[in-house]
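The block underneath contains the structure these notes are about, expressed in structure tokens.
It should be emphasised that the depicted structure is a prediction, and the values quoted were computed from it without experimental measurement. Position 1 is the first residue of the sequence, and the numbers go up from there.
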Amino acid sequence: MACKLVILFFFVNLLMQIPKVRATVPAIIVFGDSTVDPGNNNQVSTVLKSNFEPYGRDYYGGQPTGRFSNGRIATDFISEALRIKPAIPAYLDPKYDIEDFATGVSFASAGTGYDNATSDVLSVIPFWKELEYYKEYQNKLRKHLGKDEANQRFSESLHLISIGTNDFLENYYIFPTRSSKYSVDEYQSFLIGIASNFIRELYKLGARKVVIGGLPPMGCLPLERTTNMFFGSDCIDEYNDVAKDFNKKLQGAVTELKQVLGGIHLVMSSPYDKLMEMIRNPSHFGFEDAETACCGTGLFEMSYLCDTMNPFTCSDANKYVFWDAFHPTEKTNAILADYVVKTTLAEFR
């Protein structure tokens, strides 16, 4: 009992420590994959969903929303830190309308990637379609607020992009379509080109504050460790090296774009080092397990394999870095959000 109280105190104290930035940011506009999808896949014909228990068991009211976590995701905590609202809604969620979306919305889709071929794997929303939804949203907001006020909001809103892991783990290293055509280095450059073009399109649409996330240490995700079982279930160094190389290239692209897109506030946020720090030294953050996940056996379960019928799911997700075999717990999301607010988002204070 005393141990649980200590962990609870740590988590509550962490949330209190997330800086309350007096923002000049009226809304957060989100693009990406499952790391930032609050439930768009609920409305998509795909097997990749999480709108059922035990997902969301620590969310408000204990309700599953489609977030791939036991509670909130990082963008929710960032929105709260910016004093906007405690959670960002999914654009396709029929419970919300343009009034709700005026202060923040997510177009993200779990399972998607920069590459269109990645979204085809599990029939989710492709990255280009997220941009089309954003254009639709812009038209709705202009009708709601008026053209001038809406355009001003687009320029002041924070546009956040978190995507890329699936391109490698769900696509390149699984199917031969891309790996037979591109070397890893060439595929990285291919994806960087898509990322750069996406930012250029956002800029044309009026976005002036943009944060793009790098890749995490994807070789240390529980699912990847499981595939490395015969080698001690260690992190897959090759995948981590690919992530680090990709992040260097992405930073280079960001630097170039800042030179040619006048007036843009563009920064890259890398979760790699902070998440790796948690994985290597979990006890420092109040975790007990950074190798396996909370849900099920913690080795391979995610989406429908992570359900209430699985008898192995842990009772306290705050002890774990990962919620399912691919996604962080709410506590991990809170720590990562705190890190981003204190570092990357200093650009926007």
Checklist entry - Do R67 and S69 have a side chain donor and acceptor closer than 3.5 Å? => result no
Item to check | Side-chain donor-acceptor pair present, D115, Y187, cut-off under 3.5 Å | outcome: yes
Item to check | Reported CD1-to-OH distance for the pair I88 and Y96, which is rounded to 0.5 angstrom | outcome: 11.5 Å
Checklist entry - After noting the C-alpha distance and the side-chain angles of M302 and F322, does the key distance pass the side chain to side chain contact (heavy atoms under 4.5 Å, CB included) rule? => result CA-CA 11 Å; M302 62 177 288; F322 295 99; over 6 Å; no
Next on the checklist: Whether the side chain of Y304 engages the backbone of V47 through a donor-acceptor N/O pair (distance < 3.5 Å, no angle test) should be reported.
Outcome noted: no
Item to check | Residue pair P64 / S50, side-chain heavy-atom distance below 4.5 Å | outcome: no
Checklist entry - Hey, does the side chain of T313 reach the backbone of G296 with a donor-acceptor pair shorter than 3.5 angstrom? => result yes
Checklist entry - Is the side chain of R208 donor-acceptor paired with the backbone N or O of Y203 at a distance under 3.5 Å, no angle test? => result yes
Next on the checklist: Is a donor from one side chain sitting under 3.5 angstrom from an acceptor on the other, for T343 and K274?
Outcome noted: no
Next on the checklist: Would you say that L205 contacts F154 through its side chain, given a criterion of any heavy-atom pair below 4.5 Å between the two side chains?
Outcome noted: no
Item to check | N247 side, atom CG; M268 side, atom CE - distance, nearest 0.5 Å | outcome: 4.0 Å
Checklist entry - How long is the gap from CD on E238 to CE on M218, to the nearest 0.5 Å? => result 9.0 Å
Next on the checklist: Tell me whether S79 contacts the main-chain N or O of K85 through its side chain, where contact means a donor paired with an acceptor under 3.5 Å.
Outcome noted: yes
Checklist entry - Testing F168, Y182, Y114 for ring-ring contact (aromatic ring centres under 6.0 Å, His included) with F190, which one passes? => result Y182
Next on the checklist: Looking at N41 and L48, would you say the former's side chain and the latter's main chain have a donor-acceptor pair under 3.5 Å?
Outcome noted: yes
Checklist entry - Yes or no on disulfide (SG to SG under 2.5 Å) for C295 and C314, after CA distance, side-chain angles and deciding distance? => result CA-CA 6 Å; C295 195; C314 77; over 6 Å; no
Checklist outcome for this item: Per side-chain contact (heavy atoms from CB on, under 4.5 Å), F287 is matched among T329, N318, I279 by T329
Checklist entry - Taking side chain as C-beta onward, heavy atoms only, is W323 less than 4.5 Å from T332? => result no
Checklist outcome for this item: Interatomic distance, CD@Q43 vs CG@D93, rounded to 0.5 Å, equals 6.0 Å
Item to check | Rounded distance [0.5 Å steps], CZ in F77 versus CG in L336 | outcome: 10.5 Å
Checklist entry - Quick one: does I174's side chain get under 4.5 Å of L169's, heavy atoms only? => result no
Checklist entry - Taking L158 as the fixed residue, which of T75, L82, I29 is the one that meets the side-chain contact (heavy atoms from CB on, under 4.5 Å) rule? => result L82
Item to check | No-hydrogen, no-angle side-chain donor-acceptor test under 3.5 Å, S109 and D37 | outcome: no
Item to check | For F326, all residues meeting ring-ring contact (aromatic ring centres under 6.0 Å, His included), sequence neighbours excluded | outcome: none
Item to check | Over 12 non-hydrogen atoms of neighbours within 6.0 angstrom of NZ in K135 | outcome: yes
Item to check | Side-chain heavy-atom pair D273, M276 within 4.5 angstrom cut-off | outcome: no
Checklist entry - Got a salt bridge between D100 and K95, using NZ or NE/NH1/NH2 to carboxylate O under 4.0 Å? => result no
Next on the checklist: Testing Y91, Y134, F127, Y137 one by one against F31 for a ring-ring contact (aromatic ring centres under 6.0 Å, His included), which residue passes?
Outcome noted: Y134
Item to check | I125 side chain reached by Y133 side chain, heavy atoms, under 4.5 Å | outcome: yes
Next on the checklist: Can a donor-acceptor pair be found, under 3.5 Å and without considering hydrogens, that links the side chain of D324 to the backbone of F68?
Outcome noted: no
Next on the checklist: Counting neighbours of CD on E132 that are heavy atoms of other residues, nucleotides or ligands and sit closer than 6.0 Å, is the number greater than 12?
Outcome noted: yes
Checklist entry - Roughly how far apart are F285 CZ and S283 OG, rounded to 0.5 Å? => result 9.5 Å
Checklist entry - Is the shortest heavy-atom distance from the side chain of V211 to the side chain of F348 under 4.5 Å? => result yes
Item to check | Residue pair G32 / I163: nearest heavy atoms and the distance that separates them | outcome: CA-CB, 4.0 Å
Checklist entry - Are a donor atom and an acceptor atom from the side chains of D289 and T292 found within less than 3.5 Å of each other? => result yes
Item to check | Non-hydrogen side-chain atoms of L261 and L266 separated by less than 4.5 Å | outcome: no
